[in-house]
Participant: 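Below is the structure I would like to discuss, written out as structure tokens.
Residue numbers start from 1 in every chain, and the chains themselves are labelled A, B, ... in the order their sequence lines are given, proteins ahead of strands. Both backbone and side-chain heavy atoms feed into the values below; hydrogens, waters and symmetry mates do not.
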Protein chains: 2
Amino acid sequence: MVGVSLRPEVTMAQRKRQLVSDELTEAALQLMAQEGFDAVTVDAIAAAAGVSKRTFFRYFASKEDVVVQFLADMGAGMHAELAARPAAEPPSTALRHAVWVAMAACADGAEHSGRALRVVQLILRTPALRARFLEHQAQWRDDLAVEAARRRGLDPEADLYPRLAAGAALVAFDTVLRRWSDSDGADDPADLTDRAFAALAPALDAD
Amino acid sequence: MVGVSLRPEVTMAQRKRQLVSDELTEAALQLMAQEGFDAVTVDAIAAAAGVSKRTFFRYFASKEDVVVQFLADMGAGMHAELAARPAAEPPSTALRHAVWVAMAACADGAEHSGRALRVVQLILRTPALRARFLEHQAQWRDDLAVEAARRRGLDPEADLYPRLAAGAALVAFDTVLRRWSDSDGADDPADLTDRAFAALAPALDAD
DNA sequence: AACTTCTTGACACCTGGTGACATCAACGAC
DNA sequence: GTCGTTGATGTCACCAGGTGTCAAGAAGTT
């Protein structure tokens with residue numbers, strides 16, 4: 001346990017928390033891959049991870065969250081990337097890079113293990129999970145819209161453009177993700193993303 | 001009851017069914033307007049309509065459905081309108097008319113009574129309802145995409161354009177609906193719709 | 001009147017989700 | 001070393017959404 005004591009900045013309680021969280025996620029994904037989302041009860045997931053049902057809900061707000069939680073980071077990543085793009089860049093380019101942050105997270109995870117792909121397929125096939133996914137996207141859209149408005153010096157409440165542009169970017173993301181999922185990861189995400197934004201660019205970059 | 005017997009094509013059982021359904025919807029919307037979606041139980045709705053909880057679930061698949069069910073018709077209306085537009089019409093125009101069918105349903109309902117407006121606001125403010133709304137939209141998107149593909153002689157599975165165009169149209173719908181809702185119905189839906197599609201047209205109509 | 005069909009209510013049951021409380025391990029202060 | 005504190009956990013009770021089942025009743029049929 002030498003390596004442990006060399007990291008005083010991370011308390012043991014925190015590491016244990018992370019461990020339980022991972023265990024829960026792992027158990028959930030494995031069970032759901034076999035039986036499907038609806039057939040797996042929270043009790044079963046908790047039991048498989050060696051904790052109680054009550055503890056599960058101390059880590060995840062809902063049964064859907066254990067599958068979908070990682071999306072929160074992707075949203076933050078997109079937002080941050082858009083904010084970091086040079087102000088002079090055309091909207092279609094900036095948004096393409098922002099969306100690519102999210103898409104790359106899926107594609108990279110898929111490279112080694114195909115785990116991300118299976119999770120995406122599970123989400124897109126399960127109504128309850130798809131609904132949560134769409135809710136996340138709605139949040140992303142709000143965030144991207146305020147950022148897009150800021151870049152152009154517009155009022156996100158008064159002008160239509162920011163929400164339209166953010167929505168269009170997410171439509172591209174959605175379309176690419178679905179194609180990638182339907183092709184079992186065979187199609188190239190980067191190429192798909194470029195083509196989708198090429199089609200949308202005329203509207204994104206119009207004055 | 002003379003008027004009744006003059007319509008043999010509509011059985012009494014069917015009319016009664018419609019009546020109970022309306023009563024349930026009415027009770028639900030009224031209660032939710034006062035207390036909010038989450039605070040109203042299915043038992044309370046059923047009791048207010050004079051039926052049992054079990055009967056409620058024979059009419060609606062979920063508590064959300066009693067609020068959101070009318071969306072199903074709007075989706076069918078959009079799809080039908082797109083299919084009915086002349087083939088020579090540019091995509092942006094055809095899609096604008098299709099979306100307007102849905103938007104007009106909201107706006108008309110609001111003209112007299114403001115009921116549609118309140119329902120839309122309830123949906124957009126309540127996460128559970130918004131999620132269901134987004135699921136409906138996802139279905140609309142699939143339907144619009146196959147229709148858009150048919151109009152252009154494309155394969156909806158192979159080409160990106162159909163799903164992109166359908167998605168963009170729904171982003172316009174969404175943006176307009178939200179603006180209309182946020183302005184408490186003050187903004188003109190028709191004008192908003194035109195402006196949104198004007199912004200999107202360059203992408204929709206590109207070759 | 002007897003029969004059939006459709007609708008309903010009553011009841012039991014499962015599951016997701018939450019509040020309350022007791023317990024136990026880790027940690028710091030004395 | 002002991003004591004109090006803090007945080008994570010398990011247990012239990014409970015609520016609400018949702019479903020299966022069955023028996024009773026109204027409507028329409030022969």
Participant: Of the nucleotides D:dT11, C:dG17, C:dT8, which has the atom closest to the B:Thr55 side chain?
Facilitator: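 Out of D:dT11, C:dG17, C:dT8, the nucleotide with an atom closest to B:Thr55's side chain is C:dT8.
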
Participant: Is A:Tyr59 close enough to D:dA8 that one of its side-chain N or O atoms is under 4.0 Å from OP1 or OP2 there?
Facilitator: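 For D:dA8, OP1/OP2 do not have a side-chain N/O of A:Tyr59 under 4.0 Å.
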
Participant: Please collect all side chain to side chain donor-acceptor pair (under 3.5 Å) contacts where either partner lies in residues 35-46 of chain B, sequence neighbours excluded, each pair once.
Facilitator: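 Of all non-adjacent pairs touching residues 35-46 of chain B, none passes side chain to side chain donor-acceptor pair (under 3.5 Å).
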
Participant: Can you see whether B:Arg178 engages B:Ser183 through a side-chain donor-acceptor pair at a distance of less than 3.5 angstrom?
Facilitator: no

Participant: Any side-chain N or O of B:Thr41 below 4.0 angstrom from OP1/OP2 of D:dA16?
Facilitator: no

Participant: Whole Å only: how far is the NZ atom of B:Lys63 from the C1' atom of D:dC15?
Facilitator: 12 Å

Participant: Rounding to an integer number of Å, can you tell me how far A:Asp43 CG sits from D:dT11 P?
Facilitator: 11 Å

Participant: Measure CZ/B:Arg54 against P/D:dC22 and give the value in whole Å, please.
Facilitator: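 After rounding, the gap between these two atoms is 13 Å.
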
Participant: CG of B:Leu24 versus P of C:dT7: gap in Å, rounded?
Facilitator: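 In whole Å, C:dT7 P and B:Leu24 CG are 15 Å from each other.
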
Participant: Check whether any side-chain heavy atom of B:Leu117 sits under 4.5 Å from a side-chain heavy atom of B:Trp180, and report yes or no.
Facilitator: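 Answer yes - side chains close enough.
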
Participant: How close or far is atom C1' of C:dT15 from atom CD of A:Glu64, stated in whole angstroms?
Facilitator: 12 Å

Participant: Nearest whole angstrom, please: distance from the P of C:dT7 to the CZ of B:Phe56.
Facilitator: 18 Å

Participant: Hydrogens and angles aside, do B:Asp184 and B:Gln121 bring a side-chain donor and acceptor to less than 3.5 Å of each other?
Facilitator: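 Looking only at side-chain atoms, B:Gln121 and B:Asp184 do form a donor-acceptor pair, the distance falling under 3.5 Å.
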
Participant: Do A:Arg17 side-chain and D:dG7 base share a donor-acceptor contact under 3.5 Å?
Facilitator: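 In this structure, the two groups form no donor-acceptor pair.
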
Participant: How close do A:Ala168 and A:Leu200 get, counting heavy atoms only, and between which atoms?
Facilitator: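 Nearest pair, atom of A:Ala168 first, then A:Leu200: O-CD2, 3.4 Å.
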
Participant: Students often get this wrong, so: under 4.0 angstrom with heavy atoms, is B:Lys53 touching a base, only sugar-phosphate, or nothing?
Facilitator: base

Participant: Would you mind reading off the distance between B:Lys16 atom NZ and D:dG28 atom P, rounded to a whole angstrom?
Facilitator: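 Going from NZ in B:Lys16 over to P in D:dG28 covers 11 Å.
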
Participant: If the cut-off is 4.0 Å, is B:Ser52 near the phosphate of C:dA10, judged by side-chain N/O to OP1 or OP2?
Facilitator: no

Participant: Look at the side chain of A:Arg58 against the base of D:dG7 and say whether a donor-acceptor pair falls under 3.5 Å; ignore hydrogens and angles.
Facilitator: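 Under the 3.5 Å cut-off, the side chain and the base do not form any donor-acceptor pair.
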
Participant: Report the distance from atom CZ of A:Phe57 to atom P of D:dC12, rounded to the nearest whole Å.
Facilitator: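 The answer, rounded to whole Å, is 18 Å.
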
